[in-house]
Peer 1: 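My questions will all concern the structure given below.
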Amino acid sequence: MGSSSGEDAYSAPALARLLHSLPHVNVTLHRVNNTFDPRSPIYQESLGILGSIPAAWLILTLFVLLIYLLTRCCDRKTRTSRSISALKVTLAIVSVLCCAAVGLGLYGNDDLHNGLSQLLTEGRQVDHLVSRIRNQTDAIEKKLSKNEESQLTTIRDAFDEYAANQTVVAQVLKWLEMAVRNNSAVKEAATDIRSPLQGINLGPKLTLGEKLEAIRWPFTMAVLSVLLVLCVILLVGIARHNRCALIAFSVCGLLAVIASYLMASVYLASSVALGDLCTAPDKFLEDEASPGLPKEILRYYTSCERARANPFTQRLREAKSSIENLRTVVTKMRKPAIDLFPKKDLDQAFIPLLNQINEADMLLTSLTTLVDCRALHAHYLRGARALCNVGLLGLSLMLASAILAGILLTALVWVDSHTWIYIRKRKDYHQVNETDTSYLPAPAASQAIAARTLQRSQGSYPPDTPPPSYTSAMLHISPHASAPPHEAQSLIDGCDKRSTESRGAHLSHLRGHTLGRLPSHHHESFSGPNNGKYATLSKQCKTLESSDFY
């Protein structure tokens, strides 16, 4: 595999050698040949066994998760409220790590896509170069066949007539036979160069590779993007303390774990196979080459060693010599033939013949450049390095990403299933009845009074109008009110001046009524706006103004 210089030589990357060194075993756990051979059932079996390792780990993981979830489902113990801050922080950290692992897979997928695209591009260049060689040789054959069938035949037919100088005729006929032989020699050389390359047709395989890559790349991107979305949903659920989001992740997370480990199985088998291929790609090309293509020719282009001679050099030299002889012979016999048969106008046959000989000579010169190993070897090196350096690294990153994502998603499902059971829905606030205010503490009673007072005010006053104070209500007391004048006056002055006993008796009389509301019995009715329902105490007696409720 060596070549003229170190930079032009292909060497297997360290990652390829590492993957190639992994044990290849069959079902009986015996080592088998690790040479890349996709058509061998034994080799396929060894790759399948390697790919089954992540699948086996997936089965074990699902079994453990199933047992854990069953214990949670069967656990009927009442859950007391507790702090889940540690669980939420754990979920957030692991979610970010899982996003990073999935991002690593996206990066690797892009590298693999670039490597495969470069490989397909260089394959197109190789196919185009081989097609040019075939077309050049075919063009040479067609031109020389036309010479033999048209111009040389016309010149020979002219010599069928009698000429006075038979010596010159014999010499010209001798030159004509030499021209025919040289013409045939060039044709045969072109045919020999084209024949080994006739069975090489990379077009269908490259087209199939492009179609598969056009499906693989967006599909992988979509799967990894879905995993990112799941991690984002979990982060949003953690931030918003959303029970539904956490439950949804518990279900979808199991599917994500399955997808991650299945991708890991495919990536592991593919990475090992690609590592085996990149260890000796020329060996695989020799095995897969067309039966009509000699291995010496293929080795010449894959190695391009200076010590190795071009397999087409000998035939090219023969063709070049024959084309020069052909041009010389045709030039020699042109003047004598025209002089012998001036009426045949043979110059109309010699001029096209010489033009086609010159064109064939130019094609041979161009063909010599095309069959040189340097152009094709450069495409081979770029394609092999793109696949084995960039593509293999990307595939290995995708393998690492799938394994890490599977482990982290398993941890997320486990912690998430342990977290959402402690999250309860917020209970609705119950309406407080008016008769229950006496049993509430002071702050709660005040809130209930404020709510009830607001409801009553909406029935008698516009919504934006504050209710009247107790003082303004007392100013409109009717003369027929049952309250004594001195009692009303004392309330107007700002404080009840009655003794503690009478005040206590009065409050006990109002027991069962809400603070700030006067009894509605007929013997204690008040006149004035709103029947005195919006009463307040003075500032000297811990006044609660109506504005305190708004």
Peer 1: Who are the side-chain contact (heavy atoms from CB on, under 4.5 Å) partners of Ile351, not counting sequence neighbours?
Peer 2: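 In terms of side-chain contact (heavy atoms from CB on, under 4.5 Å), with neighbours along the sequence ignored, Ile351 is linked to Arg334, Asp347, Asn355.
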Peer 1: Measuring from Ser401:OG to Leu395:CG, what's the distance to the nearest 0.5 Å?
Peer 2: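 Rounded to the nearest 0.5 Å, the OG-CG separation comes to 11.5 Å.
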Peer 1: With a 4.5 Å limit on heavy-atom distance, are the side chains of Val390 and Gln118 in contact?
Peer 2: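 No, their side chains stay 4.5 Å or more apart.
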Peer 1: Would you say the side-chain atoms of Glu213 and Ser117 include a donor-acceptor pair closer than 3.5 Å?
Peer 2: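 No, Ser117 and Glu213 have no side-chain donor paired with an acceptor closer than 3.5 Å.
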Peer 1: Rounded at 0.5 Å granularity, tell me how far OG1 in Thr121 sits from CD in Glu210.
Peer 2: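 Rounded to the nearest 0.5 Å, the OG1-CD separation comes to 7.5 Å.
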Peer 1: Look at the side chain of Asn135 and the backbone N and O of Ser131, then say whether any donor-acceptor pair between them is shorter than 3.5 Å.
Peer 2: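 Yes: the side chain of Asn135 pairs with the backbone of Ser131.
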Peer 1: Give a yes-or-no answer on whether the side chains of Thr207 and Arg124 include a donor-acceptor pair shorter than 3.5 Å.
Peer 2: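 Short answer, yes.
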Peer 1: Give a yes/no on whether the SG-to-SG distance for Cys373 versus Cys304 is below 2.5 Å.
Peer 2: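 Between Cys304 and Cys373 there is a disulfide, given that their SG atoms are under 2.5 Å apart.
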Peer 1: May I ask you to check whether the SG atoms of Cys98 and Cys231 are separated by less than 2.5 Å?
Peer 2: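 No, the SG atoms are not under 2.5 Å apart.
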Peer 1: Look up atom OG1 in Thr331 and atom CD1 in Ile357, then write down how far apart they are to the nearest 0.5 Å.
Peer 2: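 It comes to 7.5 Å.
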Peer 1: Testing Leu197, Leu202, Leu370 one by one against Val130 for a side chain to side chain contact (heavy atoms under 4.5 Å, CB included), which residue passes?
Peer 2: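 Testing each of Leu197, Leu202, Leu370 against Val130, the sole residue satisfying side chain to side chain contact (heavy atoms under 4.5 Å, CB included) is Leu197.
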Peer 1: Can you tell me how far the CZ atom of Arg385 sits from the SG atom of Cys278, to the nearest 0.5 Å?
Peer 2: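 Answer rounded to 0.5 Å: 12.5 Å.
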Peer 1: Before you tell me yes or no, could you show the steps for Val94 and Trp414 under side-chain contact (heavy atoms from CB on, under 4.5 Å), namely the whole-Å CA-CA distance, both residues' side-chain angles and the distance that decides it to 0.1 Å?
Peer 2: CA-CA 11 Å; Val94 178; Trp414 176 68; over 6 Å; no
Peer 1: Which residues pass the ring pair (Phe, Tyr, Trp, His ring centres under 6.0 Å) test with His379, not counting sequence neighbours?
Peer 2: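 Checked His379 against ring pair (Phe, Tyr, Trp, His ring centres under 6.0 Å); zero matches.
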Peer 1: For the backbone of Leu18 and the side chain of Ser21, can you confirm whether one donor and one acceptor N or O come within less than 3.5 Å of each other?
Peer 2: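 Yes; at least one donor-acceptor contact below 3.5 Å.
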Peer 1: Is any side-chain heavy atom of Leu367 closer than 4.5 Å to one of Ile133?
Peer 2: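 Yes - at least one pair of side-chain heavy atoms lies under 4.5 Å apart.
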Peer 1: Which donor-acceptor pairs under 3.5 Å do side chains of residues 102-109 form with protein atoms, sequence neighbours excluded?
Peer 2:
{"from": "Asn109", "atom 1": "OD1", "to": "Arg216", "atom 2": "NH1", "distance (Å)": "2.8"}
{"from": "Asn109", "atom 1": "OD1", "to": "Arg216", "atom 2": "NH2", "distance (Å)": "3.2"}

Peer 1: Kindly indicate whether the side chain of Asn34, heavy atoms from C-beta on, has any atom under 4.5 Å from the side chain of His20.
Peer 2: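 Counting from C-beta outward, Asn34 and His20 do come under 4.5 Å.
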Peer 1: Rounded to the nearest 0.5 Å, what separation is found between the CD atom of Glu141 and the CZ atom of Arg194?
Peer 2: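 One gets 4.0 Å once the value is rounded to the nearest 0.5 Å.
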Peer 1: Do Ser250 side-chain atoms and Leu246 backbone N/O form a donor-acceptor pair below 3.5 Å?
Peer 2: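 Checked: pair present.
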Peer 1: Under a 3.5 Å cutoff, is there a donor and acceptor pairing between the side chains of Asp37 and Thr35?
Peer 2: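 There is no such pair (donor and acceptor under 3.5 Å, judged by atom type) between the side chains of Asp37 and Thr35.
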Peer 1: Find out whether Tyr380 and Pro281 are in side-chain contact, i.e. whether some heavy atom of one side chain is under 4.5 Å from a heavy atom of the other.
Peer 2: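 The answer is yes; the side chains approach within 4.5 Å.
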Peer 1: Only distances under 3.5 Å count here; give the side-chain donor-acceptor pairs of residues 46-55 to other protein atoms, sequence neighbours excluded, each with its distance to 0.1 Å.
Peer 2:
{"from": "Ser46", "atom 1": "OG", "to": "Tyr43", "atom 2": "O", "distance (Å)": "2.6"}
{"from": "Ser52", "atom 1": "OG", "to": "Ile49", "atom 2": "O", "distance (Å)": "2.6"}

Peer 1: Within the 4.5 Å heavy-atom criterion, are Thr220 and Tyr267 side-chain neighbours or not?
Peer 2: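 Yes, close enough: below the 4.5 Å cut-off.
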Peer 1: What's the spacing between Leu387 CG and Glu122 CD if we round to 0.5 Å?
Peer 2: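 Leu387 CG to Glu122 CD: 12.0 Å, rounded to 0.5 Å.
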Peer 1: Is it true that, when you exclude Lys320 itself, more than 12 heavy atoms of the residues, nucleotides or ligands shown sit nearer than 6.0 Å to its NZ?
Peer 2: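 Yes - once you tally the heavy atoms of other residues, nucleotides and ligands closer than 6.0 Å, there are more than 12.
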Peer 1: Quick check: does any side chain N or O of Tyr300 sit under 3.5 Å from a backbone N or O of Asp372, one acting as donor and the other as acceptor?
Peer 2: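 Looks like no, no N/O pair under 3.5 Å.
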Peer 1: Taking atom CZ of Arg317 as the centre, report whether more than 12 heavy atoms of other residues, nucleotides or ligands fall under 6.0 Å from it.
Peer 2: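 No, not enclosed.
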Peer 1: Under 3.5 Å, is there a donor-acceptor pair between the side chain of Asp127 and the main chain of Gly123?
Peer 2: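 No; zero donor-acceptor contacts below 3.5 Å.
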Peer 1: State which residues pass salt bridge (Lys or Arg N to Asp or Glu O under 4.0 Å) with Glu188; sequence neighbours excluded, sorted by chain then number.
Peer 2: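 Applying salt bridge (Lys or Arg N to Asp or Glu O under 4.0 Å) to Glu188 gives none.
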Peer 1: For the residue pair Asn325 and Ser321, establish whether any side-chain heavy-atom pair is separated by less than 4.5 Å.
Peer 2: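 A side-chain contact exists here, since the closest heavy-atom pair is under 4.5 Å.
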Peer 1: Test your reading of the model: is there a side-chain donor-acceptor pair from Glu45 to the backbone of Val27, 3.5 Å cut-off?
Peer 2: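 Checking the backbone N and O of Val27 against the side chain of Glu45, a donor-acceptor pair under 3.5 Å is found.
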Peer 1: State whether the side chain of Asn182 and the backbone N or O of Met178 hold a donor-acceptor pair below 3.5 Å, judged by distance alone.
Peer 2: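 Checking the backbone N and O of Met178 against the side chain of Asn182, a donor-acceptor pair under 3.5 Å is found.
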Peer 1: Does any non-hydrogen side-chain atom of Leu409 lie less than 4.5 Å from one of Phe249?
Peer 2: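 Phe249 vs Leu409: side chains touch.
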Peer 1: Taking the side chain as everything from C-beta on, heavy atoms only, tell me whether Phe36 gets closer than 4.5 Å to Val272.
Peer 2: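 Phe36 does not reach Val272 side chain to side chain.
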Peer 1: Please walk me through it: do Ile323 and Leu144 pass side-chain contact (heavy atoms from CB on, under 4.5 Å)?
Peer 2: CA-CA 10 Å; Ile323 204 76; Leu144 298 179; 4.1 Å; yes
Peer 1: Sequence neighbours excluded, which residues qualify as side-chain contact (heavy atoms from CB on, under 4.5 Å) partners of Thr153?
Peer 2: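 Partners of Thr153 under the side-chain contact (heavy atoms from CB on, under 4.5 Å) test: Asp157.
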Peer 1: Looking at Asp111 and Leu393, would you say the former's side chain and the latter's main chain have a donor-acceptor pair under 3.5 Å?
Peer 2: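 Judged by distance alone, no pair lies under 3.5 Å.
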Peer 1: Is the CG atom of Leu66 crowded by more than 12 outside heavy atoms at less than 6.0 Å?
Peer 2: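 Yes.
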Peer 1: Start with the C-alpha gap between Arg327 and Glu324, add the side-chain angles, then the distance that decides, and say whether salt bridge (Lys or Arg N to Asp or Glu O under 4.0 Å) holds.
Peer 2: CA-CA 5 Å; Arg327 181 187 295 109; Glu324 290 293 339; 3.0 Å; yes
